[in-house]
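To start, the structure under review is shown below, and the notes come after it.
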Amino acid sequence: MSGEPVKLAGGLDDVSIAITDPGDVDREHHGWPDRLMINVGNVVAWLFPLLMVGIVAQVIMRQNGFNQAWLDDAQWWMYGFAMLTGFAYAITTQSHVRVDILHQTYSPEKKARIEVFAIGWLLVPFLLIMTDILTHYAWSSIEALEGSDSPNGLHRLYLLKASLPIMFVMAIIASWGVLKRNLQIFSSVKLHIVLLWMFPAALFFFTRMFHYAFYWYYAATTDMKARSISKEAVFSQVGLFAIALLAFLIVISFVLSRKKSKEA
């Protein structure tokens, strides 16, 4: 869309609406995560016209006694993939539904602080947890070569399920782009500052990192069964290892930042 105002019909010549592409909003401040999500979203958006064609075609064929199970599956595939991609797109463009009764009256700095807290302490931890869960879910589907419940359906359902963790990673990238843009409004983007504003997410990430590192070490060096590995005593300490690493990174980043500031 061009973003030029469009006059309303019905004699209301003094009223106009600016029709714009959400991806054009605040474009001058967009970083690579924002541009990536907008470009991907603009491509995947073409699935919705295809979805509409598929729905209409299925309705017409059913009325004439021709039910195509594969077309039913295709509709769910397109809808699921497009909606999850749209989730990341909405995060980047801030086009999701908001209730801004109080938020809209705040100063830009206060709005930015709220956005950074909500993304770093609430949204990203959820996205990381879901990515972790869905990675196992997708792998199980791939191992089983999961297909459709219908004999005439699409029999590579594991491809769709394999895309789920990828879509959540995209949402994490989109969240990082928005967090960084808002963080720059009231603070510098330095490692210790980012880790503090994303503390729950960083703690979960490092905890899982240690967990998987120990898991694959035992899997590669022993003959233990998969279920037995996680029962080893070291796995009860991964949280402490994560806290220690997180604290180390925060302190080192803070010290280096102060040293660089004094030298400047």
Side-chain angles (χ1 to χ4, degrees), residues 1 19-25 33-99 118-119 122-178 201 204-205 208 212 226:
M1 296 292 182
I19 301 177
T20 60
D21 179 355
D24 287 332
V25 178
D34 308 300
R35 292 190 294 269
L36 174 64
M37 292 304 108
I38 290 171
N39 290 333
V40 171
N42 288 339
V43 172
V44 176
W46 287 100
L47 285 176
F48 285 107
L50 293 177
L51 176 61
M52 293 173 61
V53 171
I55 293 172
V56 173
Q58 181 72 320
V59 170
I60 293 174
M61 286 190 291
R62 278 185 177 178
Q63 290 296 322
N64 290 276
F66 300 100
N67 184 27
Q68 300 295 322
W70 68 268
L71 193 53
D72 279 334
D73 288 347
Q75 292 170 29
W76 282 108
W77 282 43
M78 287 187 287
Y79 182 77
F81 190 83
M83 286 299 295
L84 281 177
T85 307
F87 177 47
Y89 181 87
I91 293 172
T92 294
T93 59
Q94 298 289 290
S95 54
H96 48 74
V97 177
R98 305 179 64 112
V99 182
I119 293 171
L122 303 177
L123 178 59
V124 177
F126 165 75
L127 295 175
L128 285 172
I129 292 171
M130 290 303 299
T131 302
D132 184 47
I133 293 172
L134 289 173
T135 299
H136 294 277
Y137 178 69
W139 182 250
S140 297
S141 181
I142 293 171
E143 281 190 317
L145 296 178
E146 186 177 3
S148 173
D149 292 334
S150 173
N152 299 321
L154 296 179
H155 291 294
R156 288 182 175 83
L157 183 60
Y158 60 88
L159 295 177
L160 177 63
K161 291 188 175 182
S163 73
L164 294 177
I166 297 174
M167 295 298 101
F168 273 85
V169 169
M170 290 179 60
I172 292 171
I173 295 173
S175 300
W176 163 245
V178 177
F204 176 80
F205 176 80
R208 299 307 289 169
Y212 289 125

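Basis for what follows: all heavy atoms, side chains included, without hydrogens, waters or symmetry-related copies.
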Derivation and outcome, side-chain contact (heavy atoms from CB on, under 4.5 Å), residues Leu157 and Trp77: CA-CA 9 Å; Leu157 183 60; Trp77 282 43; 3.7 Å; yes
Pairs meeting criterion salt bridge (Lys or Arg N to Asp or Glu O under 4.0 Å) with involvement of residues 78-97, two or more places apart: none
All pairs passing salt bridge (Lys or Arg N to Asp or Glu O under 4.0 Å) where residues 159-172 contributes a residue, at least two apart: Glu146-Lys161
Partner set under salt bridge (Lys or Arg N to Asp or Glu O under 4.0 Å) for Arg35, not counting sequence neighbours: none
Listed partners of Arg208 passing salt bridge (Lys or Arg N to Asp or Glu O under 4.0 Å), at least two apart: Asp132
List in chain and number order the residues that pass side-chain hydrogen bond (donor to acceptor under 3.5 Å, both in side chains) with [X], two or more places apart in sequence or in another chain; answer none if no residue qualifies.
{"X": "Arg156", "answer": "none"}
{"X": "Gln75", "answer": "none"}
{"X": "Thr131", "answer": "none"}
{"X": "Glu143", "answer": "Trp139"}

More than 12 heavy atoms of other groups within 6.0 Å of Tyr79 OH: no
Neighbour count >12 (heavy atoms, 6.0 Å) for atom CE, Met83: no
Using side chain to side chain contact (heavy atoms under 4.5 Å, CB included) as the criterion, list what pairs up with [X], not counting sequence neighbours.
{"X": "Leu84", "answer": "Leu164, Met167, Phe168"}
{"X": "Ala90", "answer": "Ser95, His96"}
{"X": "Ile129", "answer": "Ile133, Phe204"}

Result block: side-chain N/O donor-acceptor pairs under 3.5 angstrom for residues 45-60, not counting sequence neighbours:
| from | atom 1 | to | atom 2 | distance (Å) |
| --- | --- | --- | --- | --- |
| Gln58 | NE2 | Asn67 | OD1 | 3.2 |
| Gln58 | NE2 | Gln68 | O | 2.9 |
| Gln58 | NE2 | Asp72 | OD1 | 2.9 |
| Gln58 | NE2 | Asp72 | OD2 | 3.3 |

